[in-house]
Amino acid sequence: MSTHIAHTLLSRAHSPDTASQLFTERVKQKPLHLRPTSPSPSDNRDRRRHHRLRKKEYFLRKQKPRPLSAREKRVSGIHQLPVHECKYAVFKGLHTLWVSYMQEILDLKTRDPADALISPLSHGSKLASADFHGSEVQVVRSRCHGRVGLRGIVVRDTKFTFVVVTEGDEVKTIPKEQTIFRFTVPLPSSSVSEKNDPAEKKEFVFELHGSQFLNRPVDRANKKFKWRNVDYL
């Protein structure tokens, strides 16, 4: 059996026992660290492609969806109301919910209705920022005399118009500009007299000047209103 070249060289410089010990510890039992072979060009391309796809996937996952443009909204008909669903009886339940919503805004449920007092300083900003989807409005003044007296439940509140459904199941679009609307908020029926005689039920009557209401509900919710004089009043 041939002797390892390293053992032969160690035997020249050390004693036989020391040479055997050094050869066993430093050469024979020494861990061998292998260097991985260099990747091929195809492997580099696959690695770069995989990294690029993962980066694109992360970007698309974190990216917010792009909002629809006005043209895309018109084409998709996202704001169109189905004709067969525009019934006054269908939206009567929405009006009931809106009345309860307005009673909470005006603090009518947390105190005695007999002592209810609504003033511009205490509730003006709340009324100006309220949502009117479901309210029943009536046109009391308009530059178009044909719209005066028109009454219906608001099913769509845009920046410049109110879309209402009348009792005759007709959909009407009423411009806000140069138009005054009237709406009522009944008091919660808590007293015995009101339950026995519905004719004695009281309600608050408000008038809404459309020319000062040219904004969307989402914009009104975050807007701070300031008191200012109106020239035509």
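In this structure, NE2 on H14 lies 10.5 Å from CG on L9, to the nearest 0.5 angstrom. Atom OG of S135 is separated from atom OH of Y101 by 10.0 Å, given to the nearest 0.5 angstrom. In this structure, CD1 in I105 is found 6.5 Å from OG in S129, a value given to the nearest 0.5 Å.
In this structure, H95 contributes its side chain and G134 its backbone to a donor-acceptor pair below 3.5 Å. A donor-acceptor pair under 3.5 Å is formed between the side chain of D169 and the backbone N or O of Y88. The backbone N or O of S69 sits less than 3.5 Å from a side-chain atom of E72, completing a donor-acceptor pair. The main-chain N or O of A6 is never found under 3.5 Å from a side-chain atom of T8 such that the two would form a donor-acceptor pair. Between the S211 side chain and the Q178 main chain, a donor and an acceptor come within less than 3.5 Å of each other.
No side-chain heavy atom of C86 sits less than 4.5 Å from a side-chain heavy atom of V155. Contact annotation: the side chain of L106 approaches that of L127 to within less than 4.5 Å [non-hydrogen atoms, C-beta and beyond]. Proximity of L187 to L108: side-chain heavy atoms (C-beta onward) are separated by under 4.5 Å at one or more points. Residues P186 and K202 form no side-chain contact, since every pair of their non-hydrogen atoms from C-beta on lies 4.5 Å or further apart. For the pair E25/Q21, a side-chain contact is recorded, criterion being any heavy-atom separation below 4.5 Å from C-beta on. Here the side chains of V139 and I174 are in contact, with some heavy-atom distance below 4.5 Å. Contact check for K172 versus E170: side-chain heavy atoms found under the 4.5 Å cut-off. Side-chain contact between F181 and V164 is absent, with no heavy-atom pair separated by less than 4.5 Å.
Sequence neighbours left out, the pairs with a member in residues 150-161 that pass side-chain hydrogen bond (donor to acceptor under 3.5 Å, both in side chains) are E136-R151, Q138-R151, D157-K176, D157-R220, T158-T161.
In summary, D107 and K126 engage in a salt bridge, as defined by a charged side-chain N under 4.0 Å from a carboxylate O. No salt bridge links K55 with E57; every basic N to acidic carboxylate O contact stays at or beyond 4.0 Å.
Closest non-hydrogen pair, H7 versus A19, comes out as CD2-O, 4.3 Å. The heavy-atom pair separating P188 from Q103 by the smallest distance is N-NE2, 3.8 Å.
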Q: Would you sort out whether V165 and K87 count as a side-chain contact (heavy atoms from CB on, under 4.5 Å), showing the intermediate values?
A: CA-CA 7 Å; V165 175; K87 306 295 182 182; over 6 Å; no
Q. How far apart are the C-alpha atoms of T18 and L10, what are their side-chain angles, what is the distance that settles it, and do they pass the side-chain contact (heavy atoms from CB on, under 4.5 Å) test?
A. CA-CA 8 Å; T18 304; L10 288 173; over 6 Å; no
Q: Show your working on side-chain contact (heavy atoms from CB on, under 4.5 Å) between W98 and M102 and close with a plain yes or no.
A: CA-CA 6 Å; W98 180 84; M102 290 300 294; 3.3 Å; yes
Q. Can you list the steps and then say if D219 with R216 is a salt bridge (charged side-chain N to carboxylate O under 4.0 Å, His left out)?
A. CA-CA 5 Å; D219 297 332; R216 302 180 303 165; 3.1 Å; yes
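Between H4 and F23, the ring-plane angle classifies as tilted under the 30° and 60° cut-offs. Note: F183 and F132 have perpendicular aromatic rings, judged against thresholds of 30 and 60 degrees for the angle between ring planes.
With a 6.0 Å radius and a threshold of 12 heavy atoms from other residues, nucleotides or ligands, R49 has its CZ atom at or below the threshold.
Under the 4.5 Å side-chain heavy-atom criterion for ILVMFWY residues, a single connected hydrophobic cluster contains both L22 and V27.
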